[in-house]
Structures are given as structure tokens and as C-alpha cells.
Amino acid sequence: MDIKQKVENLQSEIEKFEISNKEQLESFRIKFIGSKGALKELFSELKNVPNELKKTAGNIINSLKQQTEELYSAKKEALEMAYEKKESLDFSRPGEPVEIGANHPISLVRSEIISIFERIGYTVSEGPEIEDDWHNFSALNFPPEHPARDMQDTFFVEQGRQEMALRTHTSSVQVRVMENSTPPIRTISPGRVYRNEAISARAHCFFHQVEGLYIDKDVSFADLKQTLLYFAKELFGEKAQIRLRPSYFPFTEPSAEVDVSCTICSGKGCNVCKYTGWLEILGCGMVDPNVLEACGIDSEEFTGFAFGMGIERIAQLKYRVNDLRLYSENDLRFLKQFKSAH
Ligand code: PHE
């Protein structure tokens, strides 16, 4: 058999060889390409070929070698790809569990308060946390040097050459709303506020408030009471009752402190309400005419009421969390407990 014939036989053998897995691929390599393979053997037979035919014989063996190697790499690549595909697209694999976070209790309570007031037509307004004296104090009927300023220990900061305050309440936002709109006004202002207090379980240097404001013709104290009763029932349940105790704020007259019937003992007396049956939840009052005038609203034509509450305080009552520091420590063991709350 001459060498040409041998090359043709080998070629058809190569073409027929089945390669459908890695083992077959490896046998193919050993059988045809490897150092003891059929191609090597053919090359070694070249020495028996007469000189004048050597060049042509060499060429055809070489081109078969090239073909074989190309076939080998193509098959190898195809097998690797199929393997990888199988790896990445295993539809029978159970899904990776998705980690669902939890809303912060302050956010939960804030959203709930907002939605209760939105249902009776209140809009949400926001303002800056760094405030000037006018919006935090003066417009709210705190004259300079008025001792009432001491009620709210203020952090002062320099902004440019101006002395500014970190707002001590979100009443400052309501001043801005009154300055920039005409009654009827019905708005709530949720936000973070700051007071210079030593941090303990019962006090913090910042906390969150929602304050509300309603201004229109003929707004009365009865409207205020009814609004707050509706709010307490929505938040704490149909059985909730409220009571008002006289109080003092520079920006409201008359002013009151509002208690809700104890959410734990329903008024019978327990250690949470200190056996009084009542829990204090907010401050409120009729907007002082001086405040309306300072904000450009005619106090002869319009009256209004305002109220303000601490979100942490409400969260404390709802979730029985008694240490205020927990709300800002970001301890996952605490935060994870609110996963099912909404
Ligand atoms: N601004 C008061 C505070 O921060 C709360 C309040 C608001 C009281 C509106 C009465 C009316 O303590």
C-alpha cells in the first residue's frame, strides 16, 4: 500500500471517529495526534518514500495533520461549552433564598401616621433641618431672651457668618408653609429634630416628629379634639379614648397636652401607664394669632389648630421598646424583629 492510500485510509478513520464526550476526545487525541499516534507513524514512514515523491507525500500528511488538529480543538471547545452551559443553567436547582430586609420601626410608625392624616385631606410638607432663628423661634412667638427658648435645648451652628439652629421641632416647616400659601391649609410635617440632651434610655440628642397644622375660617377647639380622637382610634384601635390637660406653648393659645387611654391595660392601670390609665402622646393648641400675623395670615379672618408628636414615643407604645437608643444603633438583632410589621 503506498503512502497516499494510507493517508486516505487514516483520513476516513479520523472522520468517522465519534467524539461526544471528554473520554472519547482524549482517545481521539492519543490515537491520532499524540506522540505515539497514527500521524507520527505516517511521518516516520516518509523515510521509505522515494526521494522524488517525498515532498508531495510530506505535504499531504501535513495537511491531514492540520485538519485533525483543527477538528480536535473544535470538538474540545464545543464540549467545554456544553459543559459550562449545563453548569449555569440547571433548572432543577432550588432557587437562592432572597434576603428581605425590614422597615425601621420609626419608618413604619411615620408612614402609618402620615396615611391616617392623608385620609382626612392633609398634605405632607418638608423643610430644612438647619434653620434660622426666625423659622424655629421668632415667627412662633418666642421673643428674644424669652425663657421658653430654654424648653428646647438648642444646638447652634455657624453657616457662613450667620448663626443657625438645628431645628428643635418641625413647627419650623409649618411657618414656611404659612408664609408660602394661603388658607385653607391642612398639612403635616414629619422630620428629624435635634435637642441638646445627654443620651440615655429616655432622651436622645435627635428624634423624629410629626406636627400638624389646620388653618381655615371658623376652625375651633372642637375640631382639634375631634381630629385627635379620630387619629387615636385609627392608630390604637376603636376603643382608644383621649383626654386633654391644659399646658403651655408659646405658639398656641390655649394649649393642651393629650393623653390616650393606656394601650396595654385599656385604662385599668398597669406599670406602663404608672397606674394612671393614661399615656401622654402629643402637644396641641389653637395657633396663637401672633403666629398667624408673623406668617402673613389675617388672624381676624382665619383661625387654626396645631399639634405635634414624637414618632419614637408612639413607636415605644406600639412596640414596647423602652430604650430610645435602640432606634439609632442599627443593631440587626433589633431591626430584624420588624420584618413582619407593615
Ligand atoms: N412644637 C412642639 C414641640 O416640639 C409640639 C407642638 C406642636 C405643641 C404644635 C403644640 C402645637 O414640643
Side-chain angles (χ1 to χ4, degrees), residues 106 110 113-114 117 122 124-129 131 133-143 146-155 165-178 185-197 202-215 219-229 231-232 242-260 279-292 294-295 297 299 302-314 316 324:
I106 298 299
R110 182 171 149 276
I113 296 172
I114 291 174
F117 283 104
Y122 282 72
V124 173
S125 47
E126 286 180 335
E129 291 184 14
E131 260 306 1
D133 179 274
W134 171 256
H135 291 96
N136 198 76
F137 294 118
S138 300
L140 288 161
N141 204 28
F142 289 82
H146 192 287
R149 289 184 186 227
D150 294 341
M151 276 167 65
Q152 304 181 339
D153 303 294
T154 312
F155 283 117
L166 297 186
R167 68 180 178 198
T168 57
H169 48 190
T170 57
S171 305
S172 56
V173 180
Q174 308 191 334
V175 172
R176 289 174 180 275
V177 173
M178 286 188 274
I185 294 170
R186 218 182 289 157
T187 189
I188 49 170
S189 324
R192 179 174 288 185
V193 301
Y194 301 83
R195 293 188 194 176
N196 191 355
E197 303 219 24
R202 297 163 59 84
H204 211 294
C205 58
F206 64 79
F207 60 97
H208 300 80
Q209 278 189 330
V210 178
E211 294 215 354
L213 176 72
Y214 178 31
I215 297 176
V219 177
S220 71
F221 201 86
D223 296 324
L224 169 60
K225 270 181 84 173
Q226 199 57 36
T227 302
L228 295 177
L229 181 61
F231 169 69
I242 56 166
R243 77 172 180 189
L244 276 71
R245 286 177 286 108
S247 184
Y248 171 77
F249 299 102
F251 33 88
T252 47
E253 183 60 35
S255 306
E257 219 69 78
V258 178
D259 299 339
V260 64
L279 300 160
E280 185 186 321
I281 56 163
L282 55 85
C284 66
M286 300 307 291
V287 180
D288 193 294
N290 286 345
V291 175
L292 295 175
C295 299
I297 293 174
S299 62
F302 296 104
T303 50
F305 62 72
F307 55 87
M309 69 192 97
I311 301 181
E312 279 83 350
R313 171 73 181 149
I314 308 277
Q316 245 175 350
L324 271 181

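Owing to the predicted nature of the structure, the values given are computational and were not obtained by experimental measurement. As the structure lists them, so they are numbered: ligands from 1, and atoms in each ligand from 1.
- By the criterion of a heavy-atom distance under 4.0 Å, the side chain of Phe251, and not its backbone, is placed next to ligand 1.
- Considering backbone and side-chain atoms alike, Ser171 places an N or O below 3.5 Å from some N or O of ligand 1.
- Not close to ligand 1: Phe305, with no non-hydrogen atom less than 4.0 angstrom away.
- For the side chain to side chain donor-acceptor pair (under 3.5 Å) test with Thr168, the passing option among Asp153, Thr154, Asn196, Asn136 is Asn136; the others fail.
- Taking every heavy atom of both residues into account, Cys205 and Glu197 meet most closely at CB-O, 3.9 Å.
- Contacts between Arg195 and ligand 1 below 4.0 angstrom, taking non-hydrogen atoms only, involve the side chain exclusively.
- Annotation for ligand 1: atoms under 4.0 Å from non-hydrogen atoms of Phe307 are 7 (C), 9 (C), 11 (C).
- Put simply, part of Gln209 is less than 4.0 Å from ligand 1, judged by heavy atoms.
- In the candidate list Glu211, His169, Arg167, Glu211 is nearest to atom 7 (C) of ligand 1, counting heavy atoms.
- Proximity of the aromatic rings of Phe249 and His169 is defined here by a centroid distance below 6.0 angstrom, and this criterion is not met.
- Below 3.5 Å of separation, one finds no N or O of Thr252 facing any N or O of ligand 1.
- Paired with Pro190 under the rule side-chain contact (heavy atoms from CB on, under 4.5 Å), one option of Thr170, Val210, Ile113 passes, and it is Val210.
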Show which side-chain atoms of residues 302-312 pair as donor or acceptor with protein atoms under 3.5 Å away, not counting sequence neighbours.
unit_1	atom_1	unit_2	atom_2	d
Thr303	OG1	Val219	N	3.0
Thr303	OG1	Val219	O	2.9
Glu312	OE1	His208	N	2.9
Glu312	OE2	His208	N	3.4
Glu312	OE2	His208	ND1	2.7

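- The side-chain hydrogen bond (donor to acceptor under 3.5 Å, both in side chains) check on Tyr194 picks up Glu129, with sequence neighbours excluded.
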